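None of these values were measured; they are calculated from a predicted model. What you see below is based on every heavy atom in this structure, not just the backbone, and it leaves out hydrogens, waters and symmetry mates. A note on names: the letters A, B, ... follow the listed sequences, proteins ahead of strands, and every chain is numbered from 1.
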Protein chains: 2
Amino acid sequence: MTRKQEIIDVCIEMIDKEGFLNLSIKTIAERLGIKPPSLYKHFQGGLDEIKEAIKVYGWNSIDIKIAKSAVGKSREDGLKAMCYALREFAHEHPGVFEAICWHNSYTSELNHEITKGVISSLYSILDSLGFSEAVKMHVLRSLRGFVEGFSMLELHGSFGDEITLDESFAYGVDALITGIMKGQENVG
Amino acid sequence: MTRKQEIIDVCIEMIDKEGFLNLSIKTIAERLGIKPPSLYKHFQGGLDEIKEAIKVYGWNSIDIKIAKSAVGKSREDGLKAMCYALREFAHEHPGVFEAICWHNSYTSELNHEITKGVISSLYSILDSLGFSEAVKMHVLRSLRGFVEGFSMLELHGSFGDEITLDESFAYGVDALITGIMKGQENVG
DNA sequence: CCTTTTGGCTAATATCATTAGCCTTAAGTT
DNA sequence: AACTTAAGGCTAATGATATTAGCCAAAAGG
């Protein structure tokens, strides 16, 4: 494993514990037992480059996880599995999730490229459901909106009662997918 | 209008244009034509206090807007109107929206208090629909997850094609509310 | 044995946020 | 009118952090 990758791994551990916004050159260096300037030997772009690398790692992990989750499932079950997989990733890697959802550079080319990979897994499930191109996009956005929104809100403690979060999520996924499939009844 | 309020107004204008994360003592002072230390005459707590004040303003505005949106409407229509109102707020005040959704202090007492006000408007509509207590909570969380998630993703440019965002949102709201009402058919 | 790459270090600079302490002006008070 | 106080601003100083420049040791490879 390259030193660069070692550093990214440590950063991921850190942000999952302390939050993405608390990541700094100073704390990374401390955690690694080196002095701040040494980090620039690996990331000339400084903190920005490190954060970017974390996002790339994040997108790739999510891509893999979502793709795997739908293997062997079809239609609603596949969609549902993907929703659960995404939320599960958010729980496993809250910091990484925060990074890729809300700290996207508004104009990053790289992110666009990588996002396409993730989207493609979702698209292929949607293909099997006979949606039109336009509807596929609406479905995709709706699911992303719900799952990413719900996950981020729960990770931030924005829902009062922590107890029944799993049921709330299950309820929401069911409702959304029910509504989506219902709109499709008289089509394909 | 007190000087304090004037400053908050300017900050809101700034974050709606530049994003919440770019708000700094330096830029606020520049924008006001004063020197950075002068700001501490109005906000002894520094940047943190200013950001907190912005969130309070934000919660109050949203509360009002959502409550108004549902006046004279009932059942699905009321729910739908609230979803649209929340997204509309996000478009009108992207920076404020960002602040209150994703930069909540995890443990702020104040926020909890204020959030309750907002939630109460939503709850009263849900009451009219005959949901059980538990289901009301699930519905509320699902709607918040979807609307806040969708809005934040679109504001960040995370959905490729900007053109059809309105339709995608309408599609998602319909699907979700359809699913919610369907689960309710054989109840009350 | 020489050379290059890797990974680290110290010292110096720039940018902010924040604190301390001073000053002016306008509003009240006696 | 003279005094006092509060508002709102300023300069100078401190402290944290990111970043740059330039030096150094040790390992890898010829």
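- Closest to the side chain of B:S24, out of C:dC16, D:dT20, C:dT18, is C:dC16.
- Phosphate proximity of D:dC10 to B:S38: present, with a side-chain N or O under 4.0 Å from OP1 or OP2.
- We find that B:K55 and B:E98 are not joined by a salt bridge, their nearest charged nitrogen and carboxylate oxygen being 4.0 Å or further apart.
- Using a 4.0 Å cut-off on heavy atoms, the residues of residues 26-37 of chain B that approach DNA chain D are B:I34, B:K35, B:P37, listed by number.
- For the OP1/OP2 pair of C:dT6 and a distance below 4.0 Å, the side-chain nitrogens and oxygens of A:H42 include no atom meeting the criterion.
- Closest to the B:K41 side chain, of the nucleotides C:dA17, D:dA18, C:dG21, is C:dG21.
- Between the CG atom of B:N22 and the P atom of C:dC16 there is a distance of 11 Å, given to the nearest Å.
- The aromatic rings of A:F159 and A:F150 lie tilted to each other, with the angle between the two planes from 30° to 60°.
- Rounded to whole Å, the distance from OH on B:Y40 to C1' on C:dT18 is 5 Å.
- Put simply, the side chain of B:S132 gets close to the backbone of B:V135: a donor and an acceptor are under 3.5 Å apart.
- Side-chain contact check for B:R141 and A:S158: no donor-acceptor pair (N or O, by modelled atom type) lies under 3.5 Å.
- Under a 4.0 Å N-O distance rule, the pair A:D166/A:R87 qualifies as a salt bridge.
- Between the CG atom of B:L39 and the P atom of C:dC16 there is a distance of 14 Å, rounded to whole Å.
- Checking C:dG21, C:dA17, D:dA18 against every side-chain atom of B:L47, the shortest atom distance belongs to C:dA17.
- A side-chain N or O of B:H91 and one of B:E154 form a donor-acceptor pair less than 3.5 Å apart.
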